[in-house]
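Chain identifiers are assigned alphabetically (A, B, ...) following the order of the sequence lines, protein sequences preceding nucleic acid strands; residue numbering begins at 1 within each chain. Atoms considered below: every heavy atom in the structure, side chains included; atoms not considered: hydrogens, waters and symmetry mates.
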Amino acid sequence: MTLEHLPISFFKNDALTVAPALLGKRLVVSKGEVILSGMIVETEAYRGSDDASSHAYNGKTQRNSNMFEEGGTVYIYMIYGSYFCLNFVTGNKNDGQAVLIRGVEPLDGLDVMRFNRFGVFGKKPIDKNLTNGPGKICKAFGIDKSYNGESLSGTKIFITNEKKISKQSILSSSRRGITKGKEHLWRYYIHENKFVS
DNA sequence: AGGGTGATATACT
DNA sequence: GTATATCACCCTT
């Protein structure tokens with residue numbers, strides 16, 4: 001497996017550029033001996049002061065402060081009291097932009113993921129239910145608030161090149177779960193991939 | 001379709 | 001300090 005990090009400069013672009021470009025890249029989470037990884041298949045872009053449904057819209061708060069860090073920083077938040085969501089900050093410091101990871105196709109550590117999600121080991125066939133949603137990904141990968149503020153240039157969590165996705169198989173749609181403001185086609189996903197939510 | 005879940009921000013005493 | 005509304009979700013029917 002390729003272990004070359006994507007350069008941090010990759011994340012210092014607009015969220016609308018980074019979100020589709022992340023499709024087909026590999027998310028790697030390293031826990032000592034155990035490596036968990038998967039291919040990113042669905043993302044959503046969130047911008048700053050011009051995006052009413054972004055956490056950053058009303059400026060910096062205790063929860064979202066890491067969203068105002070420089071591109072290449074990890075932003076984790078808890079939603080509905082139960083689930084964590086994984087985001088990568090994009091652009092420059094104080095932009096308040098990020099990309100939410102919504103769908104991942106598991107590659108390494110499937111048995112551990114299955115245990116994290118359902119509390120059982122086993123060699124059952126890969127279930128799309130494992131990682132087809134932002135909360136599910138964090139549960140499967142064991143990502144919690146302790147990853148908030150980590151840099152993607154480190155070894156705990158990072159992104160590598162996996163596979164080139166042809167432009168035709170990248171589709172976009174409106175974002176999910178959005179109730180505020182004007183909605184845009186800022187959700188990106190790989191056509192007909194099983195792990196899209 | 002409907003409910004569980006509790007952290008978070010904001011607006012009040 | 002308390003109260004209330006609001007969630008970038010998941011699971012079960």
Q62(A) vs Y80(A), nearer the 5' end of DNA chain B by closest nucleotide: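 With Q62(A) and Y80(A) compared, the 5'-side residue is Y80(A).
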Rounding to a whole Å, what distance do you find between [X]:[atom1] and [N]:[atom2]?
X: H55(A); N: dT6(C); atom1: NE2; atom2: P; result: 15 Å
X: R47(A); N: dA8(C); atom1: CZ; atom2: P; result: 18 Å
X: R176(A); N: dC9(C); atom1: CZ; atom2: C1'; result: 11 Å
X: F118(A); N: dC11(C); atom1: CZ; atom2: P; result: 7 Å
X: N132(A); N: dC9(C); atom1: CG; atom2: C1'; result: 12 Å
X: L86(A); N: dC10(C); atom1: CG; atom2: C1'; result: 17 Å
X: K60(A); N: dA9(B); atom1: NZ; atom2: P; result: 13 Å
X: H184(A); N: dA8(C); atom1: NE2; atom2: C1'; result: 15 Å

OP1 or OP2 of [N] less than 4.0 angstrom from a side-chain nitrogen or oxygen of [X], does that happen here?
X: R117(A); N: dC11(C); result: yes
X: R102(A); N: dC9(C); result: yes
X: S82(A); N: dG6(B); result: no

Decide, yes or no, whether a salt bridge links [X] with [Y] under the criterion of side-chain N to carboxylate O below 4.0 Å.
X: D127(A); Y: R117(A); result: no
X: K93(A); Y: E70(A); result: no
X: K25(A); Y: E162(A); result: no
X: R47(A); Y: D95(A); result: no

May I ask you to check whether H55(A) and Y46(A) place their ring centres under 6.0 Å from each other?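 Distance test on ring centres: not under 6.0 Å, no.
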Under 4.0 Å, heavy atoms only, any strand: does [X] hit a base, just the sugar-phosphate, or nothing?
X: K145(A); answer: sugar-phosphate
X: R187(A); answer: nothing
X: R175(A); answer: nothing

Regarding dA8(C), can its base be found pairing with the side chain of Y77(A) as donor and acceptor, where the two atoms are less than 3.5 Å apart?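 Answer yes: a donor N or O sits under 3.5 Å from an acceptor.
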Of the candidate nucleotides dC9(C), dT10(B), dA7(B), which contains the atom at the shortest distance from the side chain of N58(A)?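 In terms of side-chain proximity for N58(A), the closest of dC9(C), dT10(B), dA7(B) is dT10(B).
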With the side chain of Y83(A) defined as its heavy atoms from C-beta on, choose the nearest nucleotide among dC11(C), dA9(B), dT10(B).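 Nearest listed nucleotide: dC11(C).
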Side chain N64(A), main chain T61(A), donor-acceptor under 3.5 Å: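 Flag set: sc N64(A) to bb T61(A) pair under 3.5 Å.
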Counting distance only, does the side-chain N/O of E42(A) pair as donor-acceptor with the main-chain N or O of I190(A) below 3.5 Å?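 Judged by distance alone, no pair lies under 3.5 Å.
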Sequence neighbours left out, what passes side chain to side chain contact (heavy atoms under 4.5 Å, CB included) with A19(A)? Give chain and number order.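 Here the qualifying residues are T43(A), A45(A), V99(A), Y188(A).
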Helical stems, DNA chain C - three or more consecutive Watson-Crick or G-U wobble pairs below 3.5 Å: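 Consecutive-pair runs (3 or more) involving DNA chain C: B:1-4 with C:9-12, B:6-12 with C:1-7.
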